[in-house]
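Not measured: the values here are computed from a predicted model. Residue numbers count from 1 along this sequence.
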Amino acid sequence: VNTADDELRKKVFETDCDFLIFEDNTPVAWIPQEKVGRILELRDDLSDIMLNTIEDMPIDAVAVKINSEKAITLDTLMQLQRVISLTDCQVVIETETNYAQSELQALCDLGISGLLVNGSENLAAMKGNVLNLKSPSKRKKNKTAALLPRISPQSTEPSGEEEEDD
């Protein structure tokens, strides 16, 4: 939904759908309050501060577009991890590409919640790959805190009897 046409807004609210995808310039009045999932399509140029504010917005998830002409790279995973870490909400990927099983597994292990597949050319193959995914790697779960070295403080207790002054 990317226009401010009131007639279109009424049609959208009357339509029986599971979710709506909004851009960040969508008027708040257009965002339904219930019955439908609300997904914010993220721009590529959002700062970390703006990403941090998303969890307080009236949305249920964010959608991130992936360049459909490329394989998923480590840079792609790092960009997605940035969004996951800073938004603290469900993240879905918007794509047209049928990714390999290993690429989809990497997305799953990262914590991606779903895929929005544009077009139906590769939908059957993509569905097969998704259905064959394993549970996310346990190695990545519960990795929310940094492991830092710890230095024990020196003992403050006196080692012997104190000398008395006369």
Side-chain angles (χ1 to χ4, degrees), residues 1-3 8-9 11-13 15-28 30-147:
V1 177
N2 62 3
T3 68
L8 179 58
R9 182 174 82 88
K11 286 180 184 178
V12 167
F13 282 128
T15 303
D16 187 27
C17 60
D18 295 326
F19 60 88
L20 293 172
I21 301 174
F22 297 94
E23 294 178 346
D24 60 356
N25 62 352
T26 302
V28 174
W30 272 66
I31 302 174
Q33 298 303 311
E34 52 188 53
K35 294 185 181 181
V36 65
R38 300 159 299 186
I39 300 175
L40 174 64
E41 185 175 71
L42 295 183
R43 294 189 327 254
D44 293 337
D45 62 346
L46 285 179
S47 69
D48 290 357
I49 293 170
M50 293 299 286
L51 286 172
N52 273 320
T53 66
I54 288 175
E55 69 181 276
D56 296 324
M57 297 296 109
I59 60 167
D60 300 308
V62 294
V64 179
K65 284 187 180 180
I66 292 183
N67 186 343
S68 297
E69 298 173 7
K70 296 183 178 180
I72 293 176
T73 63
L74 291 176
D75 180 63
T76 305
L77 294 178
M78 289 186 291
Q79 294 295 330
L80 291 171
Q81 183 61 56
R82 174 180 168 258
V83 172
I84 291 169
S85 297
L86 294 173
T87 59
D88 196 31
C89 67
Q90 302 294 315
V91 177
V92 297
I93 301 301
E94 195 172 349
T95 186
E96 296 175 1
T97 302
N98 180 19
Y99 291 111
Q101 182 78 27
S102 60
E103 293 172 305
L104 290 174
Q105 190 64 55
L107 293 173
C108 181
D109 290 346
L110 197 64
I112 297 301
S113 301
L115 296 170
L116 298 172
V117 180
N118 296 324
S120 59
E121 288 180 22
N122 299 316
L123 191 57
M126 180 81 83
K127 180 181 178 183
N129 286 340
V130 168
L131 292 174
N132 290 321
L133 290 176
K134 298 174 186 165
S135 295
S137 169
K138 293 187 190 280
R139 169 177 69 90
K140 299 284 183 181
K141 288 185 178 179
N142 300 326
K143 194 174 181 181
T144 58
L147 179 62

Q: Please assess L46 against L86 for the test side chain to side chain contact (heavy atoms under 4.5 Å, CB included), listing each intermediate value before the final yes or no.
A: CA-CA 11 Å; L46 285 179; L86 294 173; over 6 Å; no

Please round to the nearest 0.5 Å and tell me the distance separating atom [atom1] of [X] and atom [atom2] of [Y].
X   : Y   : atom1 : atom2 : result
L20 : E41 : CG    : CD    : 12.5 Å
Q81 : L77 : CD    : CG    : 9.0 Å
D56 : T87 : CG    : OG1   : 11.5 Å
N52 : S85 : CG    : OG    : 10.0 Å
D44 : Q79 : CG    : CD    : 8.5 Å
K65 : L42 : NZ    : CG    : 11.0 Å

Close side-chain approach of [X] to [Y], heavy-atom, < 4.5 Å:
X    : Y    : result
D60  : F19  : no
N132 : L104 : no
L110 : V91  : no
Q90  : I39  : no
D24  : M50  : no
M78  : T73  : no
I112 : I84  : yes

Where [X] and [Y] come nearest, the two heavy atoms and their spacing:
X    : Y    : value
C89  : I54  : SG-CG2, 4.1 Å
T76  : A71  : OG1-O, 4.4 Å
L133 : C108 : CD1-CB, 4.3 Å
E23  : L40  : C-CD1, 3.8 Å

Q. For the side chain of N129 and the backbone of A100, is there at least one donor-acceptor N/O pair under 3.5 Å apart?
A.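 Here the side-chain-to-backbone pair does not exist.
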
**Q.** Side-chain donor or acceptor of E103 paired with backbone N/O of I72 under 3.5 Å
**A.**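 It does hold such a pair.
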
Q | Presence of salt bridge, D109 and K134, under 4.0 angstrom | A |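 Here K134 does not pair with D109 in a salt bridge, since their nearest N and O are not under 4.0 Å apart.
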
Q) Should we count CD1 of I49 as having more than 12 external heavy atoms under 6.0 Å? A)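 It does not: I49 CD1 has 12 such atoms or fewer within range.
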
Q: Go through Y99 and L115 one step at a time and tell me if the side chain to side chain contact (heavy atoms under 4.5 Å, CB included) criterion holds.
A: CA-CA 11 Å; Y99 291 111; L115 296 170; 5.8 Å; no

